[in-house]
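To start, the structure under review is shown below, and the notes come after it.
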Amino acid sequence: MNFSPVRPRILIVDDEAVVRRTITRALGGGDFNLEEAVDGEQALRRAGQETPDLVLLDWAMPTLSGLEVMRKLRAAWRTRLTPIVLLTGRGRVEDKETGLESGADDYIVKPFSVRELRARVDSHLARSRDRRQASPLTGLPGPDALEDEIRRRLEGAEPFGVLHADIDRFKLFNDAYGLACGDDAIRMAAACVQEAVRHHGDDAAFVAHVGGDDFALVV
């Protein structure tokens, strides 16, 4: 496994240099790859060149407003699920409703708290990472999440064990009963593994669906 962390890419879109500098200072320190765009058109070009992990987007900008940029980002397959946090001086309830209905995941009113901004960025990145890493079949964390969990425990010097659970000759089952039944069996196996963990009362246990008929537990 490769345990070198990948820094999330955050695109900061605001036509005011002072706001971009404030956000850069708030998120600086090497945890993120920060990229700036001074208007909506530049933001769309940069998002199209390399998909950001999160977009901090100003509402009021020349040429293209933040809402127009957001709609275009949501229409593009590469950025359809990218978390977007709308930054604006508009604090009315109706404005928040408009922003959220237009596709924003969150809404921060200027002037904002630097600590609040950092907390919301961390929260959205964590949820986005969990969604991307989850197995679509079982909903359990996938191999990337397993790697993150092992890295976290290694860095924290926690004692732990890793178990690998594999269903033998599962291909024969799929061949005999079909893929739909095979998927049902995988989901049942996932439920059994989770129930075993609950039965032994290990609240800190981590269960992952590595892929196919393979599961892993960190306990």
Side-chain angles (χ1 to χ4, degrees), residues 1-11 27 29-35 47 50-55 76-85 105-106 118-219:
M1 289 184 177
N2 177 18
F3 291 105
S4 58
V6 177
R7 294 187 300 169
R9 179 173 177 265
I10 297 178
L11 179 59
L27 302 180
D31 293 332
F32 309 110
N33 285 320
L34 302 177
E35 186 170 345
E50 186 176 354
T51 306
D53 294 292
L54 182 140
V55 178
W77 68 269
R78 293 182 63 175
T79 51
R80 183 171 59 88
L81 299 178
T82 299
I84 299 176
V85 178
D105 295 279
D106 206 346
R118 177 62 187 252
R120 294 199 187 201
V121 164
D122 288 341
S123 176
H124 283 293
L125 287 173
R127 284 201 294 270
S128 177
R129 183 172 58 249
D130 289 344
R131 285 197 299 269
R132 291 197 307 269
Q133 293 178 348
S135 162
L137 180 58
T138 63
L140 289 174
D144 290 341
L146 173 65
E147 182 176 316
D148 288 344
E149 178 67 14
I150 292 174
R151 181 191 299 114
R152 184 189 67 79
R153 298 200 185 205
L154 286 172
E155 291 174 349
E158 298 181 33
F160 66 92
V162 179
L163 288 75
H164 176 225
D166 172 46
I167 304 175
D168 286 340
R169 296 181 292 278
F170 188 69
K171 184 178 182 303
L172 296 178
F173 183 92
N174 270 341
D175 291 344
Y177 299 104
L179 295 177
C181 284
D183 288 349
D184 287 341
I186 292 295
R187 282 189 283 265
M188 184 180 295
C192 289
V193 171
Q194 293 176 88
E195 179 58 31
V197 170
R198 282 193 292 269
H199 177 74
H200 287 282
D202 186 356
D203 293 333
F206 182 88
V207 181
H209 183 193
V210 181
D213 56 3
D214 290 276
F215 297 88
L217 297 83
V218 184
V219 296

Return the CD1 to CG distance between Ile10 and Asn33, rounded to the nearest 0.5 Å. 9.0 Å
Looking only at heavy atoms, what is the nearest atom pair of Pro143 and His209, with distance? CD-O, 4.0 Å
Nearest 0.5 Å please: distance from the NE2 atom of His124 over to the CZ atom of Arg129. 13.5 Å
Looking at Asp175 and Lys171, is any side-chain nitrogen of the basic one under 4.0 Å from a carboxylate oxygen of the acidic one? yes
Report the distance from atom CG of Leu125 to atom CG of Leu54, rounding to the nearest 0.5 Å. 5.0 Å
If you apply the rule side chain to side chain contact (heavy atoms under 4.5 Å, CB included), what do you find for Glu50 with Leu11, and how did you get there? CA-CA 10 Å; Glu50 186 176 354; Leu11 179 59; over 6 Å; no
With the side chain counted from C-beta on, respond yes when Thr51 and Thr79 share a heavy-atom pair under 4.5 Å apart, and no when they do not. yes
Would you give the length of the straight line joining atom CZ of Arg151 to atom CG of Leu146, rounded to the nearest 0.5 angstrom? 10.5 Å
Output, in order, the C-alpha distance, side-chain angles, deciding distance and verdict of side chain to side chain contact (heavy atoms under 4.5 Å, CB included) for Asp105 and Val85. CA-CA 6 Å; Asp105 295 279; Val85 178; 5.7 Å; no
Is the shortest distance from a Lys or Arg side-chain nitrogen in Arg187 or Asp183 to a carboxylate oxygen in the other one below 4.0 Å? no
Whether Glu195 side chain and Ala191 backbone form a donor-acceptor pair below 3.5 Å: no
Parallel under 30°, tilted from 30 to 60°, perpendicular over 60°: which one fits the rings of Phe173 and Phe170? parallel
Could you go through Ile186 and Thr138, starting from their C-alpha distance and side-chain angles, then the distance that decides it, and tell me whether this counts as side chain to side chain contact (heavy atoms under 4.5 Å, CB included)? CA-CA 8 Å; Ile186 292 295; Thr138 63; 3.8 Å; yes
Nearest-0.5 Å distance that lies between atom CG in Leu172 and atom CD1 in Ile167: 12.5 Å
Do side-chain atoms of Arg153 reach the backbone of Gly161 as a donor and acceptor pair under 3.5 angstrom? no
Charged N-O contact under 4.0 Å between Arg127 and Asp122: no
For residues 208-218, which residue pairs pass the salt bridge (Lys or Arg N to Asp or Glu O under 4.0 Å) check, not counting sequence neighbours? none
Can you tell me how far apart SG (Cys192) and CZ (Phe215) are? Round to the nearest 0.5 Å. 9.0 Å
Salt-bridge present (Arg120, Asp106; N to O < 4.0 Å): yes
Phe160 versus Ile150: any side-chain heavy-atom pair under 4.5 Å? yes
Closest non-hydrogen atom pair, Ala208 against Gly142: CB-O, 4.2 Å
Check the surroundings of atom NE2 in His199: do more than 12 heavy atoms from other residues, nucleotides or ligands lie under 6.0 Å from it? no
Take His200 and Val219 through the test side chain to side chain contact (heavy atoms under 4.5 Å, CB included) and record every step on the way to the result. CA-CA 11 Å; His200 287 282; Val219 296; over 6 Å; no
Run the salt-bridge test on Glu149 and Arg152 with the 4.0 Å N-O cut-off and return the result as yes or no. yes
